[in-house]
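This report concerns only the one structure given below.
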Amino acid sequence: MNYPFRLGRMAIRCPRCGHREFKPFVDAAGRILDPTCGRCNRELKCGYFLPPSRLPHRPRQAAAPAATILPPPHYIDPAMVQQSMQRTDATDPLARWFGRHFGADTARWVFDAYRVGVSRLYGGSPVFWLTDGWQRTRSGKIMAYGPDARRRRTEGRPAVTYVHSLLPDATGYNYRSCLFGAHLRSANRHASVLLVESEKTALYLACCLHRRGMLLRRYIPMATGGCACTCTTEALRDPHHRFHELAGAPLVMLPDADATDKWAERREGFARVCASVRLIDLRTLARTPTDDIMDIILRRHTPPPLSITEKTS
């Protein structure tokens with residue numbers, strides 16, 4: 001019997017770390033199997049995972065169809081997205097930082113292409129709109145940044161807020177994530193995908209490629225938004241799956257230092273659906289085991305050797 005994770009934004013408290021980042025398994029009626037049965041979203045800092053097969057007394061239920069069809073996601077009003085795009089970089093510290101490093105024209109072009117808006121939350125923070133291959137926006141990820149382009153702590157608010165959780169009907173919103181930048185591949189099917197964890201890293205690589213005239217034409221950086229990176233052929237039969245846009249694409253995986261082994265284990269799953277798969281290990285350039293790509297880039301003052309001057313085969 002295959003049990004899915006509970007859909008939507010609601011998570012419960014993790015039995016190991018205590019953070020409200022735990023996604024439980026549910027039965028066909030949507031009932032939680034057991035409050036200890038599921039996966040913690042904090043994969044590196046906690047890593048708790050208990051599948052239904054390891055429950056001591058797994059509940060019995062009627063057999064379900066072999067293929068579970070998940071409901072389609074809900075979408076954000078396009079007018080809300082467009083309104084957030086009418087930003088002034090003076091209120092967005094991340095946009096100002098990119099403007100200083102790459103020039104205002106390059107930064108603005110890339111931010112517009114990737115649909116990065118600005119929110120009044122946290123006093124003016126970027127909104128990384130998550131738009132799928134059908135050009136429909138599933139949600140927006142709001143994060144607070146300081147003038148040095150590093151995430152800053154916010155008093156009394158979570159470090160990350162999703163736009164759909166702020167809607168009046170948030171409890172009934174069916175959120176299904178997609179890759180940041182997924183909407184760009186629909187018009188550039190021949191381009192290779194550079195898959196990274198952070199939205200900020202994707203934007204940085206996009207600015208570097210834009211300067212070289214290779215953005216969209218040859219490469220599209222996309223971000224998973226975290227270290228979770230599991231891809232199966234069964235999952236990709238779902239047109240709304242978060243990795244659906246990677247099917248048939250030449251893929252270059254660029255994990256942060258502490259997620260390299262985990263992504264290497266997942267590479268085989270992507271190889272079944274992608275035209276080709278390469279994984280670049282940046283740990284030799286890292287100073288600490290937790291260095292992310294941006295740590296390496298900013299320390300070297302140049303992008304890491306990603307071999308992006310030659311076509312990925």
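Side-chain atoms are counted along with the backbone in the values below, which use heavy atoms only and exclude waters and symmetry mates. We number each residue from 1, following the sequence as shown. This is a predicted model, so every value here is computed, not measured.
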>> Looking only at the side chains, is there a donor atom on one of Arg115 and Gln82 sitting less than 3.5 Å from an acceptor on the other?
In response: no

>> So does Val252 get a backbone contact from the side chain of Arg278, meaning a donor-acceptor N/O pair under 3.5 Å?
In response: no

>> So does His183 get a backbone contact from the side chain of Gln135, meaning a donor-acceptor N/O pair under 3.5 Å?
In response: yes

>> Run Phe270 and Trp263 through side-chain contact (heavy atoms from CB on, under 4.5 Å) and show every step you take.
In response: CA-CA 10 Å; Phe270 287 97; Trp263 280 35; over 6 Å; no

> Got a second to check how far Ile32's CD1 is from Asp27's CG, nearest 0.5 Å?
Replying inline: 10.0 Å

> Nearest 0.5 Å, what's the CG-CG distance between Asp281 and Asp261?
Replying inline: 7.5 Å

>> Check whether His190 reaches the backbone of Arg217 with its side chain - one donor and one acceptor, N or O, closer than 3.5 Å.
In response: yes

> Mind checking whether Leu209 and Leu194 have side chains closer than 4.5 Å, heavy atoms only?
Replying inline: yes

>> Show, in sequence, the C-alpha distance, side-chain angles and deciding distance for Val118 and Phe111, and conclude whether the side-chain contact (heavy atoms from CB on, under 4.5 Å) test is met.
In response: CA-CA 10 Å; Val118 66; Phe111 272 52; over 6 Å; no

> Any side-chain heavy atom of Thr171 within less than 4.5 Å of one from Tyr173?
Replying inline: no

>> Any non-hydrogen side-chain atom of Lys200 less than 4.5 Å from a side-chain atom of Met143?
In response: no

> Would you say Asp169 has more than 12 foreign heavy atoms packed within less than 6.0 Å of its CG?
Replying inline: yes

> With distance as the sole test, does Arg16 use its side chain to make a donor-acceptor pair with the main-chain N or O of Cys46 at under 3.5 Å?
Replying inline: yes

>> Which residue in the set Ser276, Pro250, Cys274 passes side chain to side chain contact (heavy atoms under 4.5 Å, CB included) when paired with Ser192?
In response: Pro250

> If two hydrophobic side chains count as joined below 4.5 Å and joins carry through other members, does Trp134 share a cluster with Leu179?
Replying inline: no

> Looking at Leu246 and Val193, what are the two nearest heavy atoms and their distance?
Replying inline: CD2-CG1, 3.7 Å

>> With a 4.5 Å cut-off on side-chain heavy atoms, are Asp292 and Thr201 touching?
In response: no

> Atom CG in Asp132, atom CZ in Arg185: separation rounded to 0.5 Å?
Replying inline: 14.0 Å

>> Check whether His241 reaches the backbone of Phe243 with its side chain - one donor and one acceptor, N or O, closer than 3.5 Å.
In response: yes

> Is Lys141 reaching over with its side chain to a backbone N or O of Thr161, donor-acceptor style, under 3.5 angstrom?
Replying inline: no

> Does CZ belonging to Arg287 count more than 12 external heavy atoms closer than 6.0 Å?
Replying inline: no

> For the residue pair Arg267 and Val277, what are the closest heavy atoms and their distance?
Replying inline: CG-CG1, 3.4 Å

>> Run Glu199 and Met222 through side-chain contact (heavy atoms from CB on, under 4.5 Å) and show every step you take.
In response: CA-CA 8 Å; Glu199 295 85 0; Met222 296 186 190; over 6 Å; no

> Shortest non-hydrogen contact from Phe22 to Pro35?
Replying inline: CE2-O, 3.3 Å

> What is the minimum heavy-atom distance between Gly172 and His74, and which atoms define it?
Replying inline: O-CE1, 3.2 Å

> Hey, does Thr106 have a side-chain heavy atom less than 4.5 Å from the side chain of Phe98?
Replying inline: no

>> Determine whether Arg31 and Val26 satisfy the following criterion, side-chain contact (heavy atoms from CB on, under 4.5 Å), listing intermediate values before the conclusion.
In response: CA-CA 5 Å; Arg31 297 183 294 261; Val26 295; 5.9 Å; no

> Can a salt bridge be assigned to the pair Glu245 and Arg189 using a cut-off of 4.0 Å between side-chain N and carboxylate O?
Replying inline: yes

>> Is any side-chain heavy atom of Glu197 closer than 4.5 Å to one of Ile293?
In response: no

> Would you say Arg13's side chain and Gly18's backbone share a donor-acceptor pair under 3.5 angstrom?
Replying inline: yes

> Any side-chain donor-acceptor pair under 3.5 Å between Ser139 and His164?
Replying inline: yes

> Within the side chain of Lys23, is there an N or O that forms a donor-acceptor pair under 3.5 Å with the backbone of Cys40?
Replying inline: no

> Do Thr131 and Thr137 get their side chains close enough for a donor-acceptor pair, meaning under 3.5 Å?
Replying inline: yes

> What is the minimum heavy-atom distance between Cys207 and Ala107, and which atoms define it?
Replying inline: SG-CA, 4.5 Å

> Do Thr260 side-chain atoms and Asp256 backbone N/O form a donor-acceptor pair below 3.5 Å?
Replying inline: yes

> Roughly how far apart are Met214 CE and Leu205 CG, rounded to 0.5 Å?
Replying inline: 11.0 Å

> Under a single-linkage definition using a 4.5 Å side-chain heavy-atom cutoff for Ile, Leu, Val, Met, Phe, Trp and Tyr, are Tyr175 and Tyr75 assigned to the same hydrophobic cluster?
Replying inline: no

> Hey, what do you get for OG1 (Thr284) to CD1 (Ile296), rounding to the nearest 0.5 Å?
Replying inline: 8.0 Å

> Is there a donor-acceptor contact under 3.5 Å from the side chain of Arg176 to the main chain of Pro71?
Replying inline: yes

>> Let me confirm one number: the CG-OH distance from Asp92 to Tyr145, rounded to the nearest 0.5 Å.
In response: 10.0 Å

> So, Trp129 and Ser84: side-chain donor and acceptor under 3.5 Å apart, yes or no?
Replying inline: yes

>> Do Leu203 and Phe180 have side chains that approach each other closer than 4.5 Å (heavy atoms only, starting at C-beta)?
In response: yes

>> I'd like to know whether Phe128 forms a ring pair (Phe, Tyr, Trp, His ring centres under 6.0 Å) with Tyr114, so could you lay out the CA-CA distance, the side-chain angles of the two residues, the decisive distance to 0.1 Å, and finally the verdict.
In response: CA-CA 8 Å; Phe128 304 109; Tyr114 274 81; 9.9 Å; no

> What are the two closest heavy atoms between Cys37 and Pro51, and how far apart are they?
Replying inline: SG-C, 3.8 Å

>> Taking the side chain as everything from C-beta on, heavy atoms only, tell me whether Val196 gets closer than 4.5 Å to Thr224.
In response: no

